[in-house]
Number of protein chains: 2
Amino acid sequence: MSETDIFKVLADPTRRAVLEKLAAAEMTATELRDGFAISQPAMSQHLAVLRGAGLISERREGRYAHYRVAPEGLAPLHQWLAKYEAFWPSRIDNLRDLLREMDQ
Amino acid sequence: MSETDIFKVLADPTRRAVLEKLAAAEMTATELRDGFAISQPAMSQHLAVLRGAGLISERREGRYAHYRVAPEGLAPLHQWLAKYEAFWPSRIDNLRDLLREMDQ
DNA sequence: GCATCACATAAGCATAGACTTATGAGTCGT
DNA sequence: ACGACTCATAAGTCTATGCTTATGTGATGC
């Protein structure tokens with residue numbers, strides 16, 4: 001997956017919202033859909049795109065498709081961003097704050 | 001700048017390449033252009049988009065426009081990504097340890 | 001003053017992408 | 001077996017976007 005593709009995939013607000021829901025818990029396509037004013041095929045297409053980008057993985061169970069985040073798919077984005085963290089003087093402080101929050 | 005806009009802006013390979021050139025050194029629009037098989041207006045439009053997203057800043061000097069990276073524009077992206085770093089167990093633990101050492 | 005240069009803006013075009021409705025392919029309960 | 005259900009795929013539409021050529025704006029040098 002190229003960096004361009006990763007960015008394109010994440011440029012869609014619906015897809016980012018899906019990731020956010022999946023970050024909380026594994027979910028089926030229908031469960032993911034509610035809360036969105038979107039057709040079933042539209043959600044299916046978004047899931048296909050996310051899956052193609054390696055950002056989510058699928059577990060088939062009968063007629064249900066359970067999806068969960070595949071965080072390693074975010075690695076290219078992380079690596080890209082790392083190139084610019086040299087420009088963040090306070091980057092260590094930000095991380096420190098983040099980890100402090102996570103400890104709570 | 002919304003997260004969606006940031007991702008859209010960075011989804012273009014030319015724009016990311018521009019950022020990479022600017023990460024090395026401040027540069028004029030013409031200097032940025034060479035190496036790209038792209039018209040002058042196209043580059044000008046890309047620069048306008050990057051500027052609109054707060055990812056680069058402009059310094060006017062006579063007829064030249066000098067551009068440089070505005071890394072703070074990447075903050076929304078950084079914050080978004082941080083939400084998923086929780087899924088990176090080993091890396092985050094390493095960072096936690098590192099920062100703990102630095103605190104002593 | 002005038003040609004040239006650096007860059008921006010306007011307008012038009014062509015492709016990509018997100019959506020829709022319609023339909024297909026399996027799976028489950030009765 | 002059959003209808004309901006979950007999800008995927010097909011086909012068509014509409015908008016966004018990245019490109020082009022043409023032109024505008026201001027600065028510079030002779």
Side-chain angles (χ1 to χ4, degrees), chain A residues 1-22 25-70 73 77, chain B residues 1-22 25-70 73 77:
Chain A
M1 260 298 134
S2 75
E3 285 174 346
T4 296
D5 291 326
I6 296 279
F7 277 108
K8 277 186 186 173
V9 168
L10 294 174
D12 185 277
T14 302
R15 286 196 286 264
R16 286 202 315 283
V18 164
L19 279 185
E20 219 151 316
K21 287 187 84 171
L22 289 181
E26 182 179 283
M27 231 171 279
T28 67
T30 303
E31 285 169 342
L32 280 169
R33 190 155 94 87
D34 61 56
F36 293 99
I38 209 180
S39 68
Q40 176 267 319
M43 177 57 75
S44 184
Q45 285 159 16
H46 281 308
L47 291 170
V49 170
L50 284 165
R51 198 171 184 282
L55 291 170
I56 63 176
S57 66
E58 193 189 78
R59 178 172 65 84
R60 229 51 193 278
E61 194 174 350
R63 54 182 158 176
Y64 296 93
H66 299 267
Y67 291 97
R68 61 170 194 271
V69 285
L77 183 59
Chain B
M1 259 298 136
S2 76
E3 286 174 346
T4 295
D5 290 326
I6 296 280
F7 277 108
K8 277 187 187 173
V9 168
L10 294 175
D12 185 277
T14 302
R15 285 195 286 263
R16 287 201 315 284
V18 164
L19 279 186
E20 219 151 315
K21 288 187 81 170
L22 289 181
E26 182 179 281
M27 231 170 279
T28 67
T30 302
E31 286 169 342
L32 281 170
R33 190 155 94 88
D34 60 57
F36 294 98
I38 209 181
S39 69
Q40 176 267 318
M43 176 57 76
S44 186
Q45 285 158 16
H46 281 308
L47 291 170
V49 170
L50 285 166
R51 197 171 184 281
L55 292 170
I56 62 175
S57 66
E58 193 189 78
R59 178 173 64 82
R60 228 50 193 277
E61 195 175 347
R63 54 181 159 176
Y64 296 93
H66 299 267
Y67 291 96
R68 60 170 195 270
V69 284
L77 183 59

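The shown structure was predicted, so the numbers you read here are calculated from the model rather than taken from an experiment. Within every chain, numbering begins at 1; the chains are lettered A, B, ... in the order of the sequence lines, protein sequences first and strands thereafter.
- Residue pairs meeting the salt bridge (Lys or Arg N to Asp or Glu O under 4.0 Å) criterion with at least one partner in residues 38-49 of chain B, sequence neighbours excluded, do not occur; the list is empty.
- Note that CZ of A:Arg63 is 11.5 Å distant from OG1 of A:Thr28, once rounded to the nearest 0.5 Å.
- Applying the side chain to side chain donor-acceptor pair (under 3.5 Å) criterion to B:Glu26, with sequence neighbours excluded, gives B:Arg59.
- Identified under the salt bridge (Lys or Arg N to Asp or Glu O under 4.0 Å) test for residues 2-13 of chain A, with sequence neighbours left out: A:Glu3-B:Arg16.
- Contacts between residues 2-20 of chain B and DNA chain D, defined by a heavy-atom separation under 4.0 Å, are made by B:Lys8, B:Asp12, B:Arg15.
- Read 5' to 3', the first and last nucleotides of DNA chain D with an atom closer than 4.0 Å to a heavy atom of chain B are D:dT17 to D:dT28.
- Annotation: the span from B:Met27 atom CE to B:Arg68 atom CZ amounts to 13.5 Å, rounded to 0.5 Å.
- Whole-Å rounding puts the B:Glu31 CD to C:dC7 C1' distance at 14 Å.
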>> Protein within reach of the bases, or only the backbone? For nucleotides 25-30 of chain C, mark each nucleotide 5' to 3' as B, S or -, using heavy atoms under 4.0 Å.
In response: --BS--
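- Residues B:Pro13 and A:Thr4 come closest through the heavy atom pair CB-OG1, 3.7 Å.
- In this structure, B:Arg60 reaches the sugar-phosphate backbone alone: every heavy-atom distance under 4.0 Å involves primed, P, OP1 or OP2 atoms, never a base.
- Taking atom CD on B:Gln40 and atom P on C:dA10, their separation rounds to 14 Å, with Å as the unit.
- Here the C1' atom of nucleotide C:dA6 and the CG atom of B:Asp34 are 14 Å apart, to the nearest Å.
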Side chains of residues 34-58 of chain B: which donor-acceptor pairs under 3.5 Å do they make with residues two or more places apart or in other chains?
unit_1, atom_1, unit_2, atom_2, d
B:Ser39, OG, B:Ala42, N, 3.3
B:His46, ND1, B:Arg15, NH1, 3.1
B:Glu58, OE2, B:Tyr67, OH, 3.1

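- When each of B:Thr28 and A:Ala37 is assigned the nucleotide of DNA chain C with its nearest heavy atom, B:Thr28 is the one assigned upstream, toward the 5' end.
- For DNA chain C, the residues of residues 42-53 of chain B within the heavy-atom distance limit of 4.0 Å (strictly under) are B:Ser44, B:Gln45, sorted by number.
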